[in-house]
Student: 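Take this structure, written in structure tokens, and hold onto it; I'll ask about it next.
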Amino acid sequence: MMCISFRKRDVQNNYTQGGSSMKVYRTDEIRNVVLLGHGGSGKTSLVEAMLYVSGATSRMGKISEANTVSDFDKEEQKRGFSISTSLVPIEWEKAKINILDTPGYFDFVGEVEEAVSAADAAVIVVSGKAGVQVGTEKAWELCDKYNLPRMVYVTEMDVDDASFRQVVEDLTARYGKKIAPHFQPIRENEKLVGYINVIKNAGRRYTGIGQREECEIPDYCKPNLEILRDSLMEAVAETSEEFMERYFNGEEFSIEEIRAAMRTEVMDGDIVPVAMGSNIQAQGVANLLSDIVRFFPSPDKRTCAGINRRTNEIFEANYDFAKAKTAYVFKTMVDPFIGKYSFVKVCSGVLKGDDVLYNADTEAEEKPGKLYTMCGNKPSEVSELFAGDIGAIAKLANTRTGDTLSTKAAPVSYAKTEYSVPYTYMKYTVNKKGEEDKVSQALARMMAEDVTLKAVNDSENRQSLLYGMGDQHLEITASKLAARYKVEITLSTPKVAFRETIRKNSDVDTKYKKQSGGHGQYGHVKMRFEPSGDLETPYVFEECVVGGAVPKNYFPAVEKGLQESVVKGPLAGYPVVGVKATLYDGSYHPVDSSEMAFKTATIQAFKKGFMEASPVLLEPIASLKVTVPDDYTGDVMGDLNKRRGRVLGMNPIAGGKQVIEADIPMTGLFGYCTTLRSMTGGRGTYEYKFARYEQAPSDVQEKEIAARAAEE
């Protein structure tokens, strides 16, 4: 019996000795792989098993013990799930695999989009116990969008109620014949004891962590093995006419032929291999690492093009190390202790520490000084980074996520990654007086790191707003501010920007008279107020004074009075829109009249005239688009009705989904993200934009006017 050990003990431990140097890898020796999947499917524990099996660490960290390499942030350790993407390079079979471990929860989709933009292939992690989930579907959609070759890895095969067969059946039902399991678990007493390599048609039994030996294929595995092997051979046969002919003649393919055909098919996305294992026992992980090196493309097999800003010509980078140096900044990490790191993917050329780079986006020169490869939050210095490699540069002053670094001689820009737009927002208030600046500086750092976080000053409603991908995202942001930057904020429901206008006409006569020793004050205006019909403009001012009853030089003062009045309406203190004011008569005093007096008289006239012209509150209405699978349309439309939304129509789109279009008051959007996710199992998405103002229903008006009065 042959005993096989796949524990790479001879690999130098570059990760535990923070700051030690790492070997330089050529483009064809690099694999950039993103781990995708539903939250809790086992991505981070898979990274731990990979590090251990490759010899990079001497023991595996556990999420429950908050000691994993990729979940290094205090918030991640506290909550037990990933919040940001981390980079973990693994050396295996003379290759460097840059693993990008991404969060599975939808609030942190920006981190996933950053990682996917830098990856050349993906491993979709599925729990053998929980099976195919909505996060699995979203991962697949992302791979389609970015045209990424992919594999599926089924975790938790050591758990008694895990089912590899069920996962394979569910994947095949969704994605068809391209699903190709090339391992089959051998289970005894509901425990994973070994596996069958479908390509080699051979069994292996685990003898301990990192140990396995050859074994006979158990009889109970043979019927399923035959099915798996047939579908794999059929997929291989379809790669060429010669193979198809041999397949129909009943000829066997060699292991090398199967692997070569699979490599081609995997790169084209025509085959999606499915592997399995246990992260806790580090079983199946060595096979996965070998498959990554064997089947996934090195960066030079992928295309990549930008624009040369000097010549306006297309720059075909294609991860060619012989071309001019260019690198795309796909992520920024701002750590209070170790500072700012810009994560780069080198798109062409070879980056060196002493290079002078040029940022065409900010037109600034940057001097990297040192290049690093990151393992979690531990930097290891590296002398150079070849095209296709991923590394980090510290303290770049004028460079943000999405920028391109190149040379001044060939200033290149790559298209910026498209990120999901944050639609959930809350008002935030700083808990301690005098810490406003500290909070805004801390938020600026966090926004540099997180592209889907936005802080907005809403001056009209005198409130500060925080936008994110969901309620959890905003709550974690507040928690990070307290833990990292020692400043505290409170999140609350934001005020909505109502407007005030009138529906009828009014006519007022107002005199402002004040007598105090010496000069007095005198201003007298007769004004008409009516709806202007234009809700975009606060007011329209006209005068038709006859015979100089009010001298022309006081007209600007009257308009100034109107300008001041519309800022805060008399009804509930909201800005006024759509009012036409006409000055038609009045009187003046040759000594006591002044601009001040006419301005004050106008302000008083406006208040009176506005309240007599049937004033109403207008509420902002948004155009909303909700994308959901067909099954959920009824629930979603019912919920929109409850929120005073008006459904305008439905459009079917690819993938059995519908886009529901509706008009909805902005007040109806609070908490919508959470409701939509729970209603659709996380499958629904939405977007909206401000459309117009409409008169609010009387109960809404009354409530708002009472609330404002109580505030005042």
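Here, residue 1 is the first one in the sequence, and each next residue gets the next number. Since the model is a prediction, treat every value here as computed from it, not as a measurement.
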Student: Only counting residues at least two apart or in another chain, list the ones meeting side-chain hydrogen bond (donor to acceptor under 3.5 Å, both in side chains) with T680.
Tutor: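 Residues passing side-chain hydrogen bond (donor to acceptor under 3.5 Å, both in side chains) with T680: none at all.
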Student: If you compare all heavy atoms of G391 against all heavy atoms of L385, which two are closest, and at what distance to 0.1 Å?
Tutor: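 Looking at all heavy atoms of both residues, the closest pair is CA-CD1, 3.8 Å.
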Student: According to salt bridge (Lys or Arg N to Asp or Glu O under 4.0 Å), who are the partners of E316, at least two apart in sequence or on a separate chain?
Tutor: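 Not a single residue meets the salt bridge (Lys or Arg N to Asp or Glu O under 4.0 Å) criterion with E316.
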Student: Looking at E251, I'd like to know if its CD atom is crowded, meaning that more than 12 non-hydrogen atoms belonging to other residues, nucleotides or ligands lie closer than 6.0 Å.
Tutor: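 Enclosed.
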Student: With a sphere of 6.0 Å drawn around CD of E169, does it hold more than 12 non-hydrogen atoms of other residues, nucleotides or ligands?
Tutor: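 Counting neighbours around CD of E169, more than 12 heavy atoms of other residues, nucleotides or ligands fall under 6.0 Å, so yes.
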Student: Could you pull out all residues at least two apart from E242 that satisfy salt bridge (Lys or Arg N to Asp or Glu O under 4.0 Å)?
Tutor: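 E242: salt bridge (Lys or Arg N to Asp or Glu O under 4.0 Å) contacts with R246.
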Student: So E214 and R204, side-chain contact (heavy atoms from CB on, under 4.5 Å) or not? Walk me through it.
Tutor: CA-CA 5 Å; E214 287 182 0; R204 299 280 184 266; 3.1 Å; yes
Student: Is K345 positioned over the aromatic face of F343, cation under 6.0 angstrom from the ring centre and no more than 45 degrees off axis?
Tutor: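 So K345 doesn't make the cation-pi contact.
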Student: Looking at every non-hydrogen atom in both residues, tell me the closest pair between E384 and V350 and how far apart they are.
Tutor: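 For E384 and V350, the tightest heavy-atom pair comes out as CB-CG1, 3.9 Å.
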Student: Regarding K62 and E48, does a basic nitrogen lie under 4.0 Å from an acidic carboxylate oxygen?
Tutor: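 Salt bridge: no.
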Student: Does atom OH of Y220 have more than 12 heavy-atom neighbours, drawn from other residues, nucleotides or ligands, at distances under 6.0 Å?
Tutor: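 Correct, the count exceeds 12.
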Student: For a 4.5 angstrom cut-off between non-hydrogen side-chain atoms, does D320 reach D300?
Tutor: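 D320 does not reach D300 side chain to side chain.
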Student: Are any side-chain N or O atoms of R302 and backbone N or O atoms of A121, one a donor and one an acceptor, separated by less than 3.5 Å?
Tutor: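 Looks like no, no N/O pair under 3.5 Å.
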Student: Is D120 close to I30 at the side-chain level, that is, under 4.5 Å between some pair of heavy atoms?
Tutor: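 Side chain of I30 against side chain of D120, heavy atoms only: no contact under 4.5 Å found.
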Student: Output, in order, the C-alpha distance, side-chain angles, deciding distance and verdict of salt bridge (charged side-chain N to carboxylate O under 4.0 Å, His left out) for D107 and R677.
Tutor: CA-CA 11 Å; D107 280 25; R677 278 186 197 163; 2.2 Å; yes
Student: Among residues two or more places apart or on two chains, list those pairs meeting ring-ring contact (aromatic ring centres under 6.0 Å, His included) that have a residue in residues 110-166.
Tutor: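 Output for this query lists W140-Y175.
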Student: First locate atom CD of E29, then atom CZ of F386, and finally report the distance between them rounded to the nearest 0.5 Å.
Tutor: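 Taking CD in E29 and CZ in F386, the distance rounds to 8.5 Å.
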Student: Is the closest side-chain donor-acceptor distance between E91 and Y25 under 3.5 Å?
Tutor: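 Yes.
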Student: Listed by chain and number, what are the ring-ring contact (aromatic ring centres under 6.0 Å, His included) partners of Y319, not counting sequence neighbours?
Tutor: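 ring-ring contact (aromatic ring centres under 6.0 Å, His included) check on Y319 returns nothing, list empty.
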Student: Nearest heavy-atom pair of K43 and H38: which atoms, and what distance?
Tutor: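 The pair with the smallest heavy-atom distance is NZ-O, 3.1 Å.
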Student: Kindly write out the residues that satisfy side-chain hydrogen bond (donor to acceptor under 3.5 Å, both in side chains) with T85, not counting sequence neighbours, or none if the list is empty.
Tutor: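 Partners of T85 by the side-chain hydrogen bond (donor to acceptor under 3.5 Å, both in side chains) criterion come out as none, since no residue qualifies.
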Student: Test: salt bridge (charged side-chain N to carboxylate O under 4.0 Å, His left out). Region: residues 265-285. Which pairs qualify, not counting sequence neighbours?
Tutor: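 Counting only pairs at least two positions apart or across chains, no salt bridge (charged side-chain N to carboxylate O under 4.0 Å, His left out) contact touches residues 265-285.
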Student: Can a donor-acceptor pair be found between the side chains of T373 and S380 at a distance below 3.5 Å?
Tutor: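 No - no donor-acceptor pair under 3.5 Å links their side chains.
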Student: Without placing hydrogens or testing angles, list every side-chain donor-acceptor pair under 3.5 Å for residues 223-233, not counting sequence neighbours.
Tutor:
| from | atom 1 | to | atom 2 | distance (Å) |
| --- | --- | --- | --- | --- |
| R229 | NH1 | V198 | O | 2.6 |
| R229 | NH1 | I199 | O | 3.2 |
| R229 | NH2 | E252 | OE1 | 3.2 |
| S231 | OG | I227 | O | 3.4 |
| S231 | OG | L228 | O | 3.0 |

Student: Would you mind listing every salt bridge (charged side-chain N to carboxylate O under 4.0 Å, His left out) that reaches into residues 287-297, with sequence neighbours excluded?
Tutor: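 Qualifying pairs, neighbours excluded: D291-R294.
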Student: How about Y247 and E238: do any of their side-chain heavy atoms sit closer than 4.5 Å?
Tutor: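 Side-chain contact under 4.5 Å: no.
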Student: With heavy-atom distances below 4.5 Å as the criterion, would you say the side chains of V346 and T27 are in contact?
Tutor: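 Contact flag for V346/T27 side chains = no.
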Student: Could I get the full list of side-chain hydrogen bond (donor to acceptor under 3.5 Å, both in side chains) partners for T44, not counting sequence neighbours?
Tutor: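 Residues passing side-chain hydrogen bond (donor to acceptor under 3.5 Å, both in side chains) with T44: S82, D101.
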Student: Taking all atoms of both residues into account, what is the closest heavy-atom pair of R212 and Y195, and its distance?
Tutor: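 Of all heavy-atom pairs spanning R212 and Y195, the closest is NH1-OH, 2.7 Å.
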Student: Would E113 and T417 count as having a side-chain donor-acceptor pair, cut-off 3.5 Å?
Tutor: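 Looking only at side-chain atoms, T417 and E113 do not form any donor-acceptor pair under 3.5 Å.
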Student: Give the minimum heavy-atom separation between I90 and L51, together with the two atoms involved.
Tutor: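 Heavy atoms of I90 and L51 come nearest at CD1-N, 3.9 Å.
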Student: When you look at NZ of K200, are more than 12 heavy atoms from neighbouring residues, nucleotides or ligands closer to it than 6.0 Å?
Tutor: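 No, NZ of K200 has 12 or fewer neighbouring heavy atoms, counting only those of other groups under 6.0 Å.
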Student: Could you tell me which residues satisfy side-chain hydrogen bond (donor to acceptor under 3.5 Å, both in side chains) with R150, sequence neighbours excluded, listed by chain and number?
Tutor: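 Only D144 meet the side-chain hydrogen bond (donor to acceptor under 3.5 Å, both in side chains) criterion with R150.
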Student: Please set out all donor-acceptor pairs under 3.5 angstrom arising from side-chain atoms of residues 127-139, sequence neighbours excluded.
Tutor:
| from | atom 1 | to | atom 2 | distance (Å) |
| --- | --- | --- | --- | --- |
| S127 | OG | K129 | N | 3.1 |
| S127 | OG | A130 | N | 2.9 |
| S127 | OG | E156 | OE1 | 2.6 |
| T136 | OG1 | Q133 | N | 2.9 |
| T136 | OG1 | Q133 | O | 3.2 |
| E137 | OE1 | R683 | NE | 3.2 |
| E137 | OE2 | R174 | NE | 3.4 |
| E137 | OE2 | R174 | NH2 | 3.0 |
| E137 | OE2 | R683 | NH2 | 3.1 |
| K138 | NZ | G682 | O | 3.4 |

